[in-house]
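Following: one structure in structure tokens, then a few remarks.
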Amino acid sequence: MSQSAPASTKKAKKDRTHWLYIAVIIAVVAGVVLGLVSPEFAKGLKPLGTAFVSLIKMIVPPVIFCTIVLGIGSVREAATVGKAGSIALVYFISMSTLALGIGLVVGNLIQPGDGLNLHSEQGAVQDALSKNEEAPHGLFGFIQSIIPDTFFSALTSGSVLQTLLIALLVGFALQSMGPSGEPILDLVGHLQKLVFKILGWILWLAPIGAFGAMAAVVGATGINAVVQLGMLMLGFYLTCVIFIFGVLGLILRVFTGFNIFKLVKYLGREFLLIFATSSSESALPNLMRKMEHIGVDKSTVGIVVPTGYSFNLDGTAIYLTMASIFVADAMGKPMNIGEQISLLIFMIIASKGAAGVTGAGIATLAAGIQSHRPDLLDGVGIIVGIDRFMSEARALTNFAGNSVATLLVGTWTRTIDKDQVHRVLDGKDPFVEVAENAGAST
């Protein structure tokens, strides 16, 4: 009698995040309706949104610590694979920075959230975070403020910049330790799984937080809140489309001669899968197979695509900066250009290493705002209501960026068959799906 039956009958764990997506949509609609029908009662529900933001704030330090340490570890791993890895890392960091800059420019042009004037609705979270106890000013004062009293107090003080400093020190220390640091890096990896498990539980409360925040905002500002949120979503989607077909398309044409529209058509099935699941992770295996089929060497694909999923987060970068500007404008406390640039630098570092993890985007957004303008943190509750609506565009843009990067790195390292690329993109050599268990004997 075969002993392998139990293993073969083990069911894969179902992904139920689509139910969360549906619940958030229902909660947002219900919040809008309640805010319009009964404004005074709706404004009293603001503590629901504030409590949810407090939970996000609670989990931010360990999220930042784990993602930064593992992100630096990934840099070391990718850099050891030679020329392709080094080129890919430089390209990914450059493009993410460009995407963050584009998000800032577009955010300042359309000024989403301007006119909502929610500063009069500040909650307990804001008030607590606004108490800056005689913090020293100037450059030296800033440097002093990011040095924690003790190594572990950085994770409990609520200062994201202190957490970032400790994470950078730990990450680079592990990097310098080489193979002997691998067990510690593995431990941080397990800790990250624990932290994101807790974050996942918190996110199941997102419908309640979104309902309370949306009801309170609409109750205080009327239909104007819905219009401004719609403007943010529309601006974000348009920016992502322009980034894919304008910026990435131009770079692809200039450096390789390939057509972005043909590439998108070739990867059409994967784009539909991502749109349905709101996660670019779902298309990772097929992207690697298709990039090999299109003519990129397997070794290059194996380096660029997985690394890109951690470091080439173009859509997430655009979202982080545009959402930050929206929150500042909505709270009636817009950020000056200096604050925006320092926030951009923080986001470049903090966004690495959290790709494919549900809720990492909203956690990173909260971390950035908390580190630079803690008096605006309460406004994150507004974004929670529409975050899920923008997740598809983030994932699609990230995916497009990784596919373009693979062709670029393949071209720069001469590990690509350009004739094969043209045959595939012209439809002369279509990709044929092969069952994963094909050829396996039973």
Side-chain angles (χ1 to χ4, degrees), residues 17-18 21-22 24-25 28-29 32 95-96 98-114 116 206 210 214 217 223-252 260-261 263-265 267-283 312-330 347 351 355-356 358-362 364-365 379-380 382-404:
T17 55
H18 63 285
Y21 191 6
I22 295 172
V24 169
I25 294 175
V28 168
V29 173
V32 170
M95 289 305 297
S96 294
L98 175 62
L100 284 165
I102 290 174
L104 283 182
V105 171
V106 175
N108 281 288
L109 286 176
I110 67 175
Q111 294 186 323
D114 188 41
L116 283 182
M214 193 62 63
V217 170
I223 197 65
N224 187 35
V226 180
V227 174
Q228 294 292 339
L229 288 168
M231 182 183 298
L232 172 62
M233 291 173 55
L234 179 61
F236 176 65
Y237 269 82
L238 288 176
T239 303
C240 287
V241 170
I242 294 172
F243 185 83
I244 293 173
F245 294 103
V247 178
L248 291 178
L250 179 62
I251 292 174
L252 185 66
I260 187 67
F261 294 97
L263 178 63
V264 170
K265 181 181 178 182
L267 297 172
R269 181 174 178 180
E270 285 67 43
F271 276 102
L272 289 175
L273 176 62
I274 293 169
F275 186 82
T277 61
S278 300
S279 172
S280 56
E281 289 285 310
S282 58
N312 196 37
L313 308 176
D314 300 331
T316 303
I318 296 172
Y319 161 81
L320 289 173
T321 47
M322 289 187 68
S324 299
I325 291 175
F326 174 88
V327 169
D329 289 346
M347 294 298 191
S351 61
T358 302
I362 199 72
T364 304
L365 173 63
V380 175
I382 311 168
I383 297 294
V384 171
I386 61 170
D387 176 74
R388 294 293 297 178
F389 295 103
M390 297 191 285
S391 59
E392 289 90 350
R394 291 201 302 264
L396 290 171
T397 306
N398 293 342
F399 181 79
N402 289 329
S403 60
V404 168

Determine, step by step, whether Leu263 and Ser403 satisfy the side chain to side chain contact (heavy atoms under 4.5 Å, CB included) criterion, reporting the C-alpha distance in whole Å, the side-chain angles of both residues, the deciding distance to 0.1 Å, and the verdict.
CA-CA 8 Å; Leu263 178 63; Ser403 60; 3.9 Å; yes

Rounded distance [0.5 Å steps], [atom1] in [X] versus [atom2] in [Y]:
X	Y	atom1	atom2	value
Leu396	Leu272	CG	CG	9.0 Å
Leu248	Ile242	CG	CD1	12.5 Å
Tyr319	Asn398	OH	CG	12.5 Å
Asp314	Phe399	CG	CZ	13.0 Å
Leu232	Ile110	CG	CD1	6.5 Å
Thr397	Phe243	OG1	CZ	7.5 Å

Are the side chains of Asp329 and Gln228 in contact, using a 4.5 Å heavy-atom criterion?
no

Determine whether Ile251 and Met95 make a side-chain contact, defined as any pair of heavy atoms from C-beta on separated by less than 4.5 Å.
yes

What heavy-atom pair brings [X] and [Y] nearest, and what distance separates the two atoms?
X	Y	result
Gly235	Thr239	O-OG1, 2.6 Å
Phe236	Met390	CE2-O, 3.4 Å
Ala99	Ile318	O-CG1, 3.5 Å
Val106	Met322	CG1-CE, 3.9 Å
Thr321	Gly103	OG1-CA, 3.2 Å

Checking side-chain contact (heavy atoms from CB on, under 4.5 Å) between Ile102 and each of Leu104, Leu100, Leu98, Val105, which is the one that passes?
Leu98

